[in-house]
Amino acid sequence: MKKFFSTFSHFIASVILATAVAGYWYIAGDSSPQTASEIFLGVFLAASPLPFMVSRRLIALRIKRRLRDTAITCSRMGALTELLQVDTVAFNRNGTLTEGNVFISALIPEGMTQGSLLALAASAEREATHPYAHALYDTAVQRGLHLQRHSAARETESFGVEALIARTPVRVGKKEWLQEENIEISAALLTRADQLATSGQTPLFVSSSKYARGIIAVRDDVRAEVRRALNALKERGLSLILLTGETKRLANATGKELRISEVRSDLTGVDKAREIRLLQSRGAVVAMVGDPTADQAAMRAADISIGCPSAYEKPPADEADEMPHDPLHEELLRGPDSTEDAPSIEPLMPPEDAAYFESQALRNQGRSANFVPDITLDAAGLPSLVSLWDTCNAARTRAKQNRWLGILFLLLFVPAAAGAFEFYGGVPLPYPFVTGALVLLLVMLIANAFRE
């Protein structure tokens with residue numbers, strides 16, 4: 001958008017300049033209307049933003065041609081040249097910096113067994129969409145634990161899940177969220193949770209009624225190649241910031257491990273967008289790297305949105321036997337009165353109405369079903385961002401050279417077309433000569449942009 005206004009302003013300025021010069025020659029120089037119109041055309045061509053527009057486009061094409069052997073895609077060509085102006089890169093933690101292999105690292109019950117604690121949490125998380133919920137549910141099913149039905153459930157972004165099981169409210173999530181709900185948590189559990197978070201684990205508190213029943217710690221380690229990629233980005237002069245919904249202790253531990261000095265924790269998607277706008281208000285040009293679905297609000301707020309394939313996206317299993325088998329879950333999906341031979345039941349609402357309500361839910365979260373990032377990295381993730389940055393940086397020299405060629409053309413031909421050399425016996429440069437020079441300049445820009 002900034003580039004658009006810059007080009008539009010340049011275009012308006014060239015029209016105003018050409019009109020003023022043509023008017024001067026028509027009034028003060030006693031020229032004919034035809035001569036004045038030719039002067040207008042010559043000055044407009046000499047001062048037009050065309051060389052600068054073509055230069056930016058050519059540099060973007062050069063970068064895209066260099067990336068044709070990779071799986072990196074670009075939905076907005078201008079983003080490839082705007083990437084050169086970025087000075088701050090923001091990252092999401094889960095799935096972007098981590099391996100995506102979430103597993104339970106500790107079960108710390110209080111007043112019940114480990115199996116009962118896991119079964120209680122998995123019963124509440126049965127239909128939740130967060131990767132942590134999937135880890136709890138899959139582990140409980142694989143261990144053959146008895147899961148209970150819930151009559152209602154609600155997932156709160158960045159906080160946890162609450163469900164009604166046997167008329168008892170069960171919550172699984174962050175300590176702060178449970179404390180806001182007046183859940184009583186023992187000092188021993190609070191101390192243990194701090195220790196887990198400091199060691200890079202995520203403590204999920206499990207409560208039943210008004211009491212915390214224990215902690216389930218899950219872990220998703222940082223990928224080794226991410227450390228190298230972040231170090232390479234810092235060596236290239238970029239400031240890094242971590243925006244995550246994880247707890248403060250875990251976020252700080254991750255920042256310390258990856259040597260990221262700026263860390264923001266306990267953030268929802270809207271909070272991440274607010275943090276990015278705050279950085280922009282301080283003059284930073286921000287690129288947001290994350291999941292195009294979960295981090296959509298933040299990516300929309302950033303100057304450039306970069307989609308990173310989430311590590312949580314696993315290829316589908318080849319055989320159905322590899323998936324956890326939960327008879328209760330299959331029964332819930334079929335319904336209490338259905339049988340395998342029962343006829344299909346009409347949906348509760350038409351598909352178009354269901355799609356409408358789904359889009360409304362996404363909009364309330366600052367999301368859209370058809371959102372596409374400016375740049376989408378390949379399966380390598382962050383290491384491919386380093387390659388992209390180096391490719392764009394290599395094109396910077398060509399961009400500067402083309403910019404100086406355009407400025408030199410403007411400084412030479414605008415005065416000549418305007419008749420500034422009249423005092424030395426010259427005349428306004430005819431517009432056919434200006435047109436020929438402009439065509440020659442465009443050929444030079446193309447040759448310089450694509451030369452090796």
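Note: hydrogens, waters and symmetry copies are ignored here, and every other heavy atom, side chains too, is used.
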Mind checking whether [X] and [Y] have side chains closer than 4.5 Å, heavy atoms only?
X: Thr139; Y: Leu118; answer: yes
X: Arg228; Y: Val386; answer: no
X: Ser9; Y: Ile12; answer: no

| said: For Thr129 and Glu155: C-alpha separation, side-chain torsions, deciding distance, then whether side-chain hydrogen bond (donor to acceptor under 3.5 Å, both in side chains) applies. | reply: CA-CA 8 Å; Thr129 59; Glu155 185 175 5; 3.2 Å; yes
Judged by modelled atom types alone, do [X] and [Y] share a side-chain donor-acceptor pair under 3.5 Å?
X: Thr191; Y: Asp194; result: no
X: Ser384; Y: Ser387; result: no
X: Thr156; Y: Glu162; result: no
X: Glu246; Y: Thr254; result: no

| query | Residues in ring-ring contact (aromatic ring centres under 6.0 Å, His included) with Tyr211, at least two apart? | reply |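 With neighbours one apart ignored, the set is empty.
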What is the distance from atom [atom1] of [X] to atom [atom2] of [Y], rounded to the nearest 0.5 Å?
X: Phe371; Y: Met299; atom1: CZ; atom2: CE; result: 5.0 Å
X: Arg274; Y: Lys272; atom1: CZ; atom2: NZ; result: 12.5 Å
X: Leu97; Y: Asn92; atom1: CG; atom2: CG; result: 7.0 Å

| message | Restricting to non-hydrogen atoms, name the atom on Ala298 and the atom on Ile276 that form the minimum distance, rounded to 0.1 Å. | response |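 Taking Ala298 first and Ile276 second, the nearest heavy atoms are O-CD1, 3.3 Å.
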| request: List in chain and number order the residues that pass side-chain hydrogen bond (donor to acceptor under 3.5 Å, both in side chains) with Gln401, two or more places apart in sequence or in another chain; answer none if no residue qualifies. | output: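 With sequence neighbours excluded, Gln401 shows a side-chain hydrogen bond (donor to acceptor under 3.5 Å, both in side chains) to Asn448, Arg451, given in chain and number order.
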| When the ring centroid of Tyr137 is compared with that of Tyr132, is the distance short of 6.0 Å? |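 Distance test on ring centres: not under 6.0 Å, no.
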| query | Taking NZ, NE, NH1 and NH2 as the nitrogens, is one of them in Arg277 or Glu275 under 4.0 Å from a carboxylate oxygen of the other? | reply |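 The answer is no: the pair does not qualify as a salt bridge.
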| task | For a side chain to side chain contact (heavy atoms under 4.5 Å, CB included) with Leu279, tell me which candidate from Val285, Ile241, Asp303 qualifies. | result |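 For Leu279, the side chain to side chain contact (heavy atoms under 4.5 Å, CB included) test succeeds with only one of Val285, Ile241, Asp303, which is Ile241.
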Atom pairs and distances, donor-acceptor, side-chain atoms in residues 47-55, under 3.5 Å, two or more places apart:
from	atom 1	to	atom 2	distance (Å)
Ser48	OG	Leu45	O	3.2

